[in-house]
Amino acid sequence: VGMYFGIRRAVNYVNAQPEATALVITGVGDVFAPGGEMTGNHPDTTPHDYELLQETGNEWLPFEAVRNSRAPVVSAVNGICQGGGLLIAMLSDVSVASERATFRAPELLRGVADTGYAAYLRPHVGVARARDMLLTARVVKADEALAMGLVARVVPHERLVEEATQAAEDVLRTAPDARMQLKRILNANYGKVDLMTFNASLDGPEVREGFAAFGEKRTPAWVPKTLASGKRL
């Protein structure tokens, strides 16, 4: 939650600046974003920003804010990119990935029907590749992510921030009103996120079992016994 709050606030901040400003998002160490905390063993200690919640109508997640930001948003994907981090990378104006970056959509392994992926991933990579990523939850390396259109560029790891910053500066050189018109047309290619289905999934028994299995480092109960010996968490 803290990470999502921070990114949403950063998007709001750059859009409120009197002069044109861009946002470059990156991670720490070998992680861009690993996804949400699922074990319950690491409670979020970030103070709740009730002002931001009220301002956004309780829509505090950053994904649509990144997608619709007038200020340029560039992702510098430095390493492991999963869950909400993958959505942020896809919805940024430009996504620059380190050669070390890896991508994965593991939600179905945890019992989550993440409808954000259903809306956003297919326009990026096509139906066949979206099915492959979502239904197998496999890891995609940087070179394959580039080839399938998941990210825009792959660069040497040591040049990642420099290249992402340059991309942000390049976007800032374009006319802002014309740029937003084009973004509006490009964004129309995405489907609508079915939040009712997503929320129902989060309250369901498969999510409870999936999260419990992840925390206990065991195979979820729905996995056939013939496959249970080959654990993949």
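Position 1 is the first residue of the sequence, and the numbers go up from there.
- Within the structure, every pair that satisfies the ring-ring contact (aromatic ring centres under 6.0 Å, His included) test and touches residues 144-192, not counting sequence neighbours, is listed here: Y120-Y190, H124-Y190.
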Apply side-chain contact (heavy atoms from CB on, under 4.5 Å) to the pair N187 and R67, showing each step before the final yes or no.
CA-CA 8 Å; N187 283 345; R67 169 184 172 181; 3.6 Å; yes
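- Considering only residues two or more places apart in sequence or on other chains, R208 meets the side chain to side chain donor-acceptor pair (under 3.5 Å) condition with none of them.
- Side-chain atoms of S98 do not come within 3.5 Å of backbone N or O of G79 as any donor-acceptor pair.
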Side-chain donor-acceptor pairs of residues 199-207 under 3.5 Å, sequence neighbours excluded:
unit_1	atom_1	unit_2	atom_2	d
N199	ND2	L195	O	3.2
S201	OG	A113	N	2.8

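- Under the 4.5 Å side-chain heavy-atom criterion for Ile, Leu, Val, Met, Phe, Trp and Tyr, L172 and V11 are members of distinct hydrophobic clusters.
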Would E99 and E158 count as a side-chain contact (heavy atoms from CB on, under 4.5 Å) here? Give the steps. CA-CA 9 Å; E99 60 197 345; E158 62 273 12; 4.3 Å; yes
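- Once rounded to the nearest 0.5 Å, the distance linking CZ of F5 with CG of L61 reads 9.0 Å.
- Distance check: L150 CG to R129 CZ gives 10.0 Å after rounding to the nearest 0.5 Å.
- The side-chain heavy atoms of V140 and M148, taken from C-beta on, include a pair separated by under 4.5 Å.
- Judged purely by atom type and a 3.5 angstrom limit, N78 has no side-chain atom pairing as donor or acceptor with the backbone of A101.
- L108 shares a hydrophobic cluster with L135; the chain of contacts runs through ILVMFWY side chains whose heavy atoms sit under 4.5 Å apart.
- A distance-only check finds no donor-acceptor pair linking the side chain of S95 to the backbone of V151 [under 3.5 Å].
- Nearest heavy atoms, M90 versus Y117: CE-CD2, 4.2 Å.
- In this structure, the salt bridge (Lys or Arg N to Asp or Glu O under 4.0 Å) partners of K183, at least two apart in sequence or on a different chain, are D93.
- Of all heavy-atom pairs spanning N189 and P123, the tightest one is O-CG, 3.5 Å.
- To the nearest 0.5 Å, the span separating CG on L182 from CG on D177 amounts to 11.5 Å.
- By the side-chain contact (heavy atoms from CB on, under 4.5 Å) test, A10 pairs with L23, sequence neighbours left out.
- For N15 (side chain) and R70 (main-chain N/O), a donor-acceptor pair under 3.5 Å exists by modelled atom type.
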Point to revise | Chi angles and distances behind the side-chain contact (heavy atoms from CB on, under 4.5 Å) call for D114, F198 | key: CA-CA 6 Å; D114 191 324; F198 180 55; 4.1 Å; yes
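- When the shell of 6.0 Å around CZ of R122 is examined, it contains 12 or fewer heavy atoms from other residues, nucleotides or ligands.
- Judged purely by atom type and a 3.5 angstrom limit, T165 uses its side chain to pair as donor or acceptor with the backbone of V161.
- Of all heavy-atom pairs between V96 and L160, the closest is O-CD1, 3.5 Å.
- A distance-only check finds a donor-acceptor pair linking the side chain of T174 to the backbone of V171 [under 3.5 Å].
- When all heavy atoms of P106 and Q82 are compared, the closest pair comes out as CG-OE1, 3.5 Å.
- A donor-acceptor distance shorter than 3.5 angstrom exists from the side chain of R104 to the backbone of A137, with no hydrogens or angles considered.
- At a threshold of 4.5 Å between side-chain heavy atoms, the hydrophobic network of Ile, Leu, Val, Met, Phe, Trp and Tyr places V94 and L121 in two separate groups.
- Taking hydrophobic clusters as Ile, Leu, Val, Met, Phe, Trp and Tyr residues chained together by side-chain heavy-atom distances below 4.5 Å, I88 shares a cluster with Y13.
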Margin query: Apply salt bridge (charged side-chain N to carboxylate O under 4.0 Å, His left out) to residues R218 and E209 and explain how you reach the verdict.
Written below: CA-CA 10 Å; R218 60 173 175 81; E209 168 61 14; 2.7 Å; yes
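- With D132 contributing its side chain and A128 its backbone, the two residues share no donor-acceptor pair below 3.5 Å.
- Judged purely by atom type and a 3.5 angstrom limit, S75 has no side-chain atom pairing as donor or acceptor with the backbone of V77.
- The two residues G85 and F32 come nearest to each other via the heavy atoms O-CE2, 3.4 Å.
- Between E144 and K141 there is no salt bridge, since none of the side-chain N atoms of the basic residue sits less than 4.0 Å from a carboxylate O of the acidic one.
- The distance from the CD1 atom of I7 to the CD1 atom of I25 is 5.0 Å, given to the nearest 0.5 Å.
- Between D170 and R173 there is a salt bridge, with a side-chain nitrogen of the basic residue lying less than 4.0 Å from a carboxylate oxygen of the acidic one.
- Residues V154 and L86 are members of one and the same hydrophobic cluster, defined by side-chain heavy-atom contacts under 4.5 angstrom among Ile, Leu, Val, Met, Phe, Trp and Tyr.
- The same ILVMFWY cluster, assembled from side-chain heavy atoms under 4.5 Å apart, contains both F63 and V125.
- Nearest heavy atom pair, residue P72 against residue T21, reads CD-O, 3.6 Å.
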